[in-house]
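Note: hydrogens, waters and symmetry copies are ignored here, and every other heavy atom, side chains too, is used. Please read these numbers as outputs of a predicted model, since none were measured by experiment.
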Amino acid sequence: MSIPNYSGLEPLRIFKGANFVNIGERTNVTGSAAFRKLIKNGNYDEAVNVARQQVENGAQVIDVNMDEGLIDGVQAMTKLLNLIAAEPDIARVPVMVDSSKFSVIEAGLKCLQGKGIANSISLKEGEEEFLRQAKIIRRLGAATVVMCFDEKGQADNYERRVAIAQRVYDLLITKAGFPPHDIIIDPNILTVATGMSEHDRYAIDYIEAVRWIKQNLPGALVSGGVSNVSFSFRGNEPVREAIHTAFLYHAIQAGMDMGIVNAGQIGVYDDIPKDLLEHVEDVLLARRSDATERMVTFAEQFKGAPSAEVVAAQAAWREGTVEDRLKHALVHGVTEYIEADTEEARVKYDEPVLVIEGPLMAGMNVVGDLFGSGKMFLPQVVKSARVMKRAVAYLEPFLEEKKRSAPQVETMGTRQEGAKKVLLATVKGDVHDIGKNIVGVILACNGWQVIDLGVMVQSAVILKAARELKADIIGLSGLITPSLDEMVHVAKEMEREGFETPLLIGGATTSRVHTAVRIAPHYSKPVVHVIDASRSVPVVSNLLSDNERTRFEAEVKAEYAKVRTQYEGSQREKEYLPIAEARAKKFKIDWTEEPPVQPKSTGVFSYRNYPLKQLIPYIDWRPFFMAWELAGKYPAILTDAVVGTEATRLHNDALKMLDRIVKEQWIQAHGVAAIWPANAVNDDDIALYANADRTAVLGTCQTMRQQSKKAPGVPYIALADFIAPQGTPDFLGGFAVSAGHGVDERVKRFEAAHDDYSAILLKALADRLAEAFAEKLHEIVREELWGYETAPFTNEQLIREEYQGVRPAPGYPACPDHTTKPELFRLLDATAHTSITLTDSLAMYPTAAVSGWYFAHPRSKYFGVGRVGRDQVQDLAQRKGIDQQEMERWLGSNLGYEP
């Protein structure tokens with residue numbers, strides 16, 4: 001077997017018995033904030049010095065990575081490597097060209113003087129793409145790192161690691177012509193001590209996979225990113241150093257050849273204090289089931305030492321009664337001691353149910369009171385619910401032993417005997433549930449039994465469950481416009497079946513007016529719109545109170561009658577132009593003076609497994625805080641006098657989870673974009689063509705026009721106005737993106753661990769990443785595919801939409817017709833490219849998804865169609881070839897008349 005031989009200006013030989021090869025990690029924009037700042041500021045001279053310091057500090061290979069959303073990776077990689085090539089003291093060592101974009105890897109390898117290393121390729125996109133990339137690397141004379149990913153995702157256990165390692169080894173040798181010593185397998189070093197039991201074997205499984213590779217794949221080398229393993233202890237450098245040192249000791253013994261490490265975070269194995277080493281190795285080698293809990297506790301002493309006063313204050317609550325300790329844990333969201341304290345209470349109270357009904361519910365009542373009075377915020381309440389659920393989960397076996405004759409109802413937070421029951425469901429066709437989940441947590445924290453039926457729930461299922469479980473309240477949730485009609489249907493069915501249960505309505509598209517006008521008239525019992533989670537508690541309290549219900553129902557009934565009267569009056573006062581007249585007063589563009597923007601490229605462009613870390617700079621954080629009912633602009637909200645402290649805690653938790661999402665590949669982001677030749681036809685339609693000569697029509701985008709009467713001279717806009725008519729070549733774009741693949745599986749794990757906080761946090765972050773992907777992809781379209789805009793924008797400018805062009809989404813004000821979505825998906829072949837599917841109600845699944853159209857003309861802008869007349873709906877139905885009643889069902893909230 002030949003000896004691996006990589007080189008800069010000098011060779012680096014790796015052979016059996018050779019020392020571990022240390023790969024310097026500081027020339028990596030994703031791992032070093034200082035290096036990233038140098039590159040973004042164009043300070044390449046100092047960036048070269050960072051590389052020099054790595055070599056001087058003992059790095060035998062330097063890893064260079066330029067993956068950052070606002071950095072041109074190809075340009076930056078090429079420039080830095082060319083500069084390094086002119087520095088003999090740096091260029092003497094091999095370079096590892098590191099990127100998630102193969103175009104950057106290819107560009108970097110072309111700059112190297114010796115034999116470099118590509119980092120990395122994988123089977124994520126299938127064998128064909130894997131072999132294409134491998135052959136290019138081989139042609140450029142480099143070795144390659146291969147990550148243990150395949151079409152199913154990341155290998156996170158021993159069996160998957162070795163299976164993928166065998167597969168890539170065979171493919172590279174037999175089909176890509178690689179010699180074994182140019183194959184460097186990375187079996188994925190993942191984070192341990194996360195608190196999730198499925199992560200307990202991450203380190204030992206990696207070590208055993210290394211041993212298997214060295215024994216079964218002759219000549220192959222093994223590498224890995226060492227810092228990942230200790231990520232749970234960020235900020236505790238002594239502990240991280242001990243973890244890295246001990247991990248490398250065992251991994252190198254198993255055969256690990258090289259790794260990306262910070263030499264400053266590696267110590268001497270024999271110098272690690274014995275008690276610290278015992279705790280570290282218990283975690284790394286999975287020697288104890290409680291290794292993580294012991295390590296977390298033990299590691300505290302290595303952080304910056306707090307003052308004696310702080311230590312005393314932190315410890316004082318542990319000296320109280322068990323009731324006081326449980327209350328403290330619930331109010332402050334502390335899970336560390338909850339099982340021990342719950343057990344102590346169980347012994348004291350004899351009956352496990354009495355622990356729930358006594359100290360646990362007493363603590364939750366305090367939480368409810370503090371939240372109701374504005375002294376606690378939503379993220380804190382969700383953390384309190386996590387503590388409650390873990391306490392109840394601990395008591396479950398003892399409750400079962402009692403074998404009560406009356407079966408208990410599964411609830412989100414409590415099994416309190418005789419508690420009122422609230423049944424929640426996201427209606428048929430809708431898959432959005434973040435808001436509903438938060439409402440469930442809040443209600444459970446206030447002592448009510450919450451039964452959550454999930455998403456896409458048929459009306460018959462909702463009503464059957466309500467009868468069988470004897471629900472005291474039914475709550476319906478929905479985000480997309482068609483859900484409003486489904487809520488009307490549920491109300492009608494409740495009336496037909498003789499229900500007397502109060503009905504709550506909530507969700508992003510719902511409103512007090514719609515509830516009063518469209519839903520309440522169909523159900524004779526109470527129907528109440530709940531605007532957000534914090535309002536759910538007083539509404540439910542009033543509806544379930546023997547003393548307050550009658551008064552509250554009468555007030556709501558009178559209020560909604562007044563709303564209906566006002567609505568009817570406003571409708572009579574509103575005037576709508578006939579659609580023909582509105583079209584005559586369209587938004588006009590002089591296409592000679594302001595010609596259409598010609599794209600550099602046309603066609604469909606796929607972006608599967610888009611790097612999540614490149615999306616993070618594009619996150620708009622304000623909607624994230626709004627989801628948690630914390631109001632304010634970002635970043636000012638972090639220092640807000642009222643919510644700043646909790647907003648900062650929530651933001652820090654989000655950043656920690658984002659780090660894990662990216663490093664451990666929890667979720668995948670897929671996207672597709674397209675640009676087609678197009679022209680406006682028949683006033684309000686846009687024809688899309690298959691070719692440049694516009695002889696073959698691919699499809700049609702039907703748009704809607706404003707009709708509500710305006711002041712003289714003000715145009716009545718439709719999106720078709722932004723596309724040139726036939727005779728003037730123009731173009732229309734489309735897109736669909738998702739960052740939700742993998743979310744549901746991870747959420748189930750959190751929920752199984754009774755961790756609603758993390759489950760909701762993950763869903764909220766996935767939504768933000770999907771929107772960030774839409775922002776990033778639009779930037780790619782503007783700068784690269786359409787190519788009409790090159791000036792960089794800050795994230796704040798992007799949020800303010802200062803760029804040229806718009807990307808309206810079906811179901812939103814400029815494009816309220818959801819039925820354009822199937823045509824958009826067909827034209828994009830969106831499901832094939834992104835794995836996004838549409839429900840019967842045209843909601844996208846996974847829920848963290850965005851789709852829409854691209855308009856590039858500088859005069860294009862966002863607007864609201866508003867309510868429209870019967871003549872436009874009739875015309876639109878005819879153009880689409882569907883029944884008018886069906887069209888009215890989809891446009892219910894935009895109808896300016898009673899259908």
Peer 1: For G255, is there any backbone N or O sitting under 3.5 Å from a side-chain donor or acceptor partner on R211?
Peer 2: no
Peer 1: Checking D257 side chain against V222 main chain: does a donor-acceptor pair fall under 3.5 Å?
Peer 2: yes
Peer 1: When the ring centroid of F773 is compared with that of Y607, is the distance short of 6.0 Å?
Peer 2: no
Peer 1: Might you point out which heavy atoms bring A654 and L765 nearest each other, and give the distance in Å?
Peer 2: O-CD1, 3.7 Å
Peer 1: Any idea which heavy atoms bring S223 and Y206 closest together, and the distance?
Peer 2: O-OH, 2.8 Å
Peer 1: Of the non-hydrogen atoms in D186 and G225, which two are nearest, and what is the gap between them?
Peer 2: OD2-N, 4.1 Å
Peer 1: Starting from the C-alpha separation in whole Å, work towards a yes-or-no answer on side chain to side chain donor-acceptor pair (under 3.5 Å) for D653 and Y757.
Peer 2: CA-CA 10 Å; D653 289 346; Y757 177 72; 2.6 Å; yes
Peer 1: Test: salt bridge (Lys or Arg N to Asp or Glu O under 4.0 Å). Region: residues 762-774. Which pairs qualify, not counting sequence neighbours?
Peer 2: D433-K763
Peer 1: Given 3.5 Å as the limit, does a donor-acceptor pair link the side chain of N119 with the main chain of M96, or not?
Peer 2: no
Peer 1: Could you note down all residue pairs passing salt bridge (Lys or Arg N to Asp or Glu O under 4.0 Å) where residues 160-176 supplies at least one of them, sequence neighbours left out?
Peer 2: E127-R167, D150-R160, E151-R167
Peer 1: Check C148 against I185 and note the closest heavy-atom contact, atom names and distance.
Peer 2: SG-CG2, 3.9 Å
Peer 1: Pairs in or reaching into residues 73-84: which pass salt bridge (Lys or Arg N to Asp or Glu O under 4.0 Å), with residues at least two apart or in two chains?
Peer 2: none
Peer 1: Taking the side chain as every heavy atom from C-beta outward, state whether C111 and M77 have any atom pair closer than 4.5 Å.
Peer 2: no
Peer 1: Go through the steps to decide whether V168 and F130 satisfy the test side-chain contact (heavy atoms from CB on, under 4.5 Å), and finish with yes or no.
Peer 2: CA-CA 9 Å; V168 298; F130 174 77; 4.0 Å; yes
Peer 1: Should the pair K663-D659 be classified as a salt bridge under the 4.0 Å nitrogen-to-oxygen rule?
Peer 2: no
Peer 1: Using only atom types and a distance under 3.5 Å, with no angle test, would you say the side chain of H741 pairs donor to acceptor with the backbone of T834?
Peer 2: yes
Peer 1: Ignoring hydrogens, what is the shortest heavy-atom contact between H199 and T191? Give both atom names and the distance.
Peer 2: CB-O, 4.0 Å
Peer 1: Tell me whether R746 contacts the main-chain N or O of L762 through its side chain, where contact means a donor paired with an acceptor under 3.5 Å.
Peer 2: no
Peer 1: Taking NZ, NE, NH1 and NH2 as the nitrogens, is one of them in E745 or K748 under 4.0 Å from a carboxylate oxygen of the other?
Peer 2: no
Peer 1: Output yes when a side-chain donor or acceptor of N65 lies under 3.5 Å from a complementary backbone atom of D98, and no otherwise.
Peer 2: yes
Peer 1: Counting only N and O atoms by type, is there a donor-acceptor contact under 3.5 Å from the side chain of Q154 to the main-chain atoms of E664?
Peer 2: yes
Peer 1: Less than 4.5 Å apart, any side-chain heavy atom of T292 and any of D200?
Peer 2: yes
Peer 1: Quick one, I137 and F102 - any side-chain contact, counting heavy atoms below 4.5 Å?
Peer 2: yes
Peer 1: Do V226 and M256 come close enough that some side-chain heavy atom pair is under 4.5 Å?
Peer 2: yes
Peer 1: Can you tell if the side chain of N188 reaches within under 4.5 Å of the side chain of F149, non-hydrogen atoms only?
Peer 2: yes
Peer 1: Counting N and O atoms only, with roles assigned by atom type, does the side chain of S606 sit under 3.5 Å from a partner on the main chain of V672, one being a donor and the other an acceptor?
Peer 2: no
Peer 1: Mind telling me whether F298 and H279 have parallel, tilted or perpendicular rings, with 30° and 60° as the class edges?
Peer 2: parallel
Peer 1: Could you check if a side-chain atom of P180 sits within less than 4.5 angstrom of a side-chain atom of P218, using non-hydrogen atoms only?
Peer 2: no
Peer 1: Taking all atoms of both residues into account, what is the closest heavy-atom pair of V97 and L81, and its distance?
Peer 2: CG2-CD1, 4.2 Å
Peer 1: Give a yes or no on whether a salt bridge exists between K110 and E106, defined as a side-chain N under 4.0 angstrom from a carboxylate O.
Peer 2: yes
Peer 1: Are any of the side-chain heavy atoms of I204 and V192 separated by less than 4.5 Å?
Peer 2: no
Peer 1: D744 versus P846: any side-chain heavy-atom pair under 4.5 Å?
Peer 2: no
Peer 1: Judged by atom type as modelled, is there a donor-acceptor pair below 3.5 Å linking the side chain of R294 to the main-chain atoms of V283?
Peer 2: no
